[in-house]
Amino acid sequence: VSYFDYPTEEPAESELTFLADRGEQDWEIVLSHTETRRFSAGAEVIRAGDDDRALYLLTEGTLAVASGAAFRTIDAPSVVGEVAFLDGGKRSLTLVATTDGELRRLSLGSFEALAGRHPELARAMLFDLGRIVSLRLRFLTEMIEDGVG
Amino acid sequence: MGAGRVADPFPNFTQVRDPLPHAVWRGLRIASVLVTLGVCALLVAAPDTGLNLWWKILVPLLPLVWFVAPGLWRNVCPLAATNQIPRVLDFTRGRTAPAWFRTYAPLAGIAIFFSAVFLRPSVFADSGAATAALVGGALVAAFTGGVLLKGKSGWCSSLCPLLPVQRMYGQTPFANVPNSHCRPCLGCTKNCFDFNPKVAYLADLHDGDRQWSTTRKLFTAAFPGLVIAFFTEQDTAVMALAVGAAAGSFLAFEALLPMSTPKLAAVYAATAINLFYWWAAPGPEWVAWPLRAVVLALTVVWLRRTFATERVFLERQGLPIPPRIARLGRGMRTALKSTAEIEVTFEDGPRVVARPGTPLLELAETAEQPIEAGCRMGVCGADPVQIVSGMDGLSPVGSDEQATLERLGLDPAHNRMACCARVLESRPPVTVSMTPRRDSNVVVSIDFPYDPAVRRIVVLGNGIAGVTAADHVRRRHPDCTVDVVAAEPHPLYNRMGISRLIYGRSAMVGLHLLPDAWYDDNRITCWLNTRAQAIDREAGEVLLGTGERLPYDRLILATGSEAYVPEIPGFGRPGSFVLRTASDALGVREFVQQAGAERALVAGGGLLGLEAAYAMHKLGLRTTVLERGRWLLRRQLDERAGGLLRGYLANLGIEVLIETEVAALDDGHAVLADESRVPADVVLVAAGIEPAVELARHAGLETARGVLVDDQLRTSDERIFAAGDIVQWRDSILGLWPVAVEQAEVAAENAVGGTRTYTGSVPQAMLKVVGVELLSIGAISGPNERVDEDAETLRYRKLVADDDGRLIGAILLGHPEEVPTVTSAVRRSLPLAEVV
């Protein structure tokens, strides 16, 4: 657990950013294939154990990860749920809203529809998600090597 | 959704509500700087008063403030306010502190603190000017740090000599006042006390960098010694000895006592603050004693809370690190535009936002709610939903939808067909339940002058034509017997959904289109799994495969159609299929799993072929579609739209070969017309339909491709009517659900003695193939055409008009919101100019 995840002013500059180099037009395409979901504070937005193969883009509000006593919040604008989206497995974490907010949901079916129309963009999305997951893996590997994990 | 909310034991300042408005904090800061400058002036002008005020009143109060509400001090500290002036007024260079500064500035701060304390008796205690210089120097240093470095990294979180004391005393605040300076946080400092005050000190002591953690530990270890020396000793050497002794005792206790370092540090901090107030409690004894008692009592509570905090911290230490969250690129923010939106809530599901004009079906499918789709025109009855609230927010009920709700026995005041109910602009939110509300079965009857001589009606076929015919007979004739005979073992089901049986989204029961009690409620006898062998027209009887005979006064033929299979040598070997019935679909699924099939070939690029291809694709098979003509969906699309669709499928990995067909099937291969061979473990033939006319032909009724009927849908035998796919009316066989429904109603009315005329139907198909919404209605080409195309987003709109410019048909690819307008315009033959 980490208690000092500073919300830096320019998240787009960080390497853990999804589609950092894509402009408004490409994002419009991505968003046009998503479903808009609203949530209220206290709602369970994602439930651990659910079969829900979709990528979520948190565009407004804050979610809290509750796994055992571990706790972390996710603020908009963030990517949520990429692991189950990529591997088709069950949701591993329950996310509870701590504020009202809005999510964009891209189901696998909608992603396919996007890929049919914009294969290059779809390929870039998958590459970027792979890159993000891989960065995390590197981070964990380093931690294990440092004997921290 | 009653989710248990987990309270964060270590919230950062962005997660804590600020008790005061920003403007108030700003005012307090200005006041605090002015007071400090005033005190400096006083120190110089009237040193005795100034020194007394400074050393005897202001300084002794600070530790207690840090102990109780460190955040309050951090927000109003005059040095912090001075440090932040360059940022507030936007002239800070805002540099990132270099590594050496980050490492050594806090150490320098500690050194300055110790020096100031050591020098107080000799230098500051009696000199107003020296004290004023000390305070003034700190203000200048804080300001300079603010000019050069970003955030609070130039002073407050680095050099400030009082910071280590604040972190130590303020590690378990009684009041957690959030930082009001850093909006936004720039992440300038490691283990920032302003960011997360409740965990900053623990994080220091647990820091992986040994130098970092040891320095902070030693500071606390030495602190009680410093306090004792400060109040009892004037000699610098003896003071240093006291400091060293305190630090040494800490190390000894750390080694010998079964107590963790943070706990020991808390005990040392608690000791230090009590020692401090023992000597420093200001004012007369009757003020000082209660103050000492209050500090002692607070310390006891503080120690317990600090120990508890450490326990929570340690529990969480071993937990896995939650994944690091990726942020969204900046382009998202500009692309995110809010449009006119209506909220739709699914009971026990999500609350979604819809664009006006979107049907509930579309929303439910996207939200992956348990819903089935069929004709998407309100005819088949696959998708009834209950409108829990907000019926006013939906488009009104149309006639097809009304008829379907009636057939399902559902009250339109509470239920809708999801495909027809579209959300409307600026209306209240809608709440939808996937379970229709069935108060009591609404059985509709029509006051109709039926022929009482008709006592027995038999319907052959239990598809949509047969069931609709039986339903409409019953509505008009309350007394006659109605028998429905069906070869298939299932009650009426959603034939358009059978491809979903292949890839597993639907179970058979999900495809059933009628409530279980429907046949009973309507007093209709249904013979499932029963073949009609022959029609004895002389006797007026149907001979069943079971040996029974069903006598009829009127007979309605609604046996539909079968899959058409062209002559293909090898068809019939394992792995070759047609897709017409639910059993066909289940057979395909079974075979694919059993044989471990990897490649699929679909012969036929019509509606069914594409549905089948998508199903195979979803199952994970590499799929190829063969189309005999030049483009896909030849009955629904023109060549251009067909070409767009083909490109889209290719992008998904579904290959489409045009102007070719299967010549023969071989082991694991299909041989094409040009003799090329395509590997295929499964071959699905979707080459069209063939009306099931055998029975009628054997009975001597006039047939061609279908059963020939007149305008009243009567066959060549006046007691026998026909409806649906089997019918050949004025040379056309349309094979569409809405057509079957219209014909069935006419045939039923005429069977009970009516004289209604069938005037033809405008062919209309509404579907969603492979994630593309398509409407095709009426003519797909004509003398006047207007085409708009956006190949990039796969959107295509074609309006077709006759010589007079009146609309006779349309193709909409990817324009679902325009469906109602265009459909109604074609049906009313509006002038093209009015629609555009």
Side-chain angles (χ1 to χ4, degrees), chain A residues 1-4 6-9 11-12 14 16-24 26-28 31 35-39 42-44 52 57 59 64-74 77-80 82-83 93 96 98 107 109-110 112-113 115-117 119 132 136 139 143 146 148, chain B residues 1-6 8-10 12 14-15 184-188 190-192 195-196 199-200 203 208 312 315-317 319-337 341 343 350-354 363 366-368 648-649 651-652 770-772 792-794:
Chain A
V1 275
S2 163
Y3 303 106
F4 299 94
Y6 302 118
T8 50
E9 199 170 31
S14 132
L16 262 178
T17 299
F18 179 55
L19 296 186
D21 54 349
R22 295 292 173 144
E24 186 178 341
D26 283 340
W27 271 103
E28 270 174 9
L31 294 178
E35 171 198 20
T36 308
R37 288 190 173 184
R38 290 211 177 122
F39 54 82
E44 253 180 35
D52 174 28
L57 312 174
T59 53
V65 183
S67 123
F71 191 98
R72 145 184 233 123
T73 56
I74 303 170
S78 294
V79 184
V80 183
E82 62 275 23
V83 173
L93 296 171
V96 180
T98 58
S107 67
S110 305
E112 284 245 50
R117 293 176 174 95
I132 286 166
R136 260 187 225 140
F139 175 75
M143 290 219 349
D146 294 349
V148 180
Chain B
M1 285 188 263
R5 284 183 66 181
V6 190
D8 188 348
F10 303 115
N12 68 51
T14 64
Q15 297 160 332
C185 167
L186 300 179
C188 63
K190 176 174 170 176
N191 295 352
C192 176
F195 185 75
N196 203 332
V199 81
V312 176
E315 274 167 12
R316 294 153 60 95
Q317 276 296 89
L319 291 170
I321 297 182
R324 295 164 68 85
I325 303 303
R327 312 287 284 173
L328 299 177
R330 254 184 293 181
M332 192 283 294
R333 274 178 273 180
T334 40
L336 198 64
K337 291 171 192 120
E341 337 170 292
E343 270 188 20
R351 176 155 55 106
V352 306
V353 176
L363 295 174
T366 313
E368 291 175 35
Y648 171 82
L649 292 177
N651 288 341
L652 287 185
V770 215
V772 182
E792 164 115 341
T793 57
L794 194 72

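Chain letters run A, B, ... following the sequence lines, proteins first, then strands; residues in each count from 1.
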Query raised in the report: Residues two or more places apart in sequence or in another chain: which of them pass salt bridge (Lys or Arg N to Asp or Glu O under 4.0 Å) with A:E35?
Result: A:R37, A:R105
Query raised in the report: Roughly how far, to the nearest 0.5 Å, is CE of B:M332 from OG of A:S78?
Result: 9.0 Å
Query raised in the report: Nearest heavy-atom pair of A:G116 and B:N651: which atoms, and what distance?
Result: O-ND2, 2.6 Å
Query raised in the report: Do you know which two heavy atoms are closest between A:E112 and B:Y648, and how far apart they sit?
Result: O-OH, 4.2 Å
Report task. State whether A:E24 and B:R330 are salt-bridged, where the test is any N-O pair (Lys NZ or Arg NE/NH1/NH2 against Asp/Glu carboxylate O) under 4.0 Å. Result -> no
**Report entry** chain A contact via B:V312 - which portion, at a heavy-atom distance below 4.5 Å
**Finding:** neither
Report summary line: Tightest non-hydrogen contact, residues A:T17 and B:L328, listed as CG2-C, 3.8 Å
Query raised in the report: What distance separates B:R333 CZ from A:W27 CH2, expressed to the nearest 0.5 Å?
Result: 10.5 Å
Query - Which residues share a ring pair (Phe, Tyr, Trp, His ring centres under 6.0 Å) with B:F195, sequence neighbours left out - result: A:Y6, B:F13
Requested in this report: Would you give the length of the straight line joining atom CZ of B:R327 to atom CD1 of A:I74, rounded to the nearest 0.5 angstrom?
Outcome: 10.0 Å
Report task. Side chain from CB out, backbone as N, CA, C, O: work out which of these in A:L19 comes under 4.5 Å of a heavy atom of chain B, or both, or neither. Result -> backbone
Report task. Would you check if B:E792 and A:R117 make a side-chain contact, meaning some heavy-atom pair closer than 4.5 Å? Result -> no
**Report entry** Spatial distance of atom CG (B:L336) from atom CD (A:E28) [nearest 0.5 Å]
**Finding:** 10.0 Å
Query - Spatial distance of atom CZ (B:R351) from atom OG1 (A:T36) [nearest 0.5 Å] - result: 12.0 Å
Query raised in the report: Is any side-chain heavy atom of A:R38 less than 4.5 Å from a side-chain heavy atom of B:E341?
Result: yes
Query raised in the report: What residue in B:A203, B:C188, B:C192 has the most heavy-atom pairs under 4.5 Å with chain A?
Result: B:C192
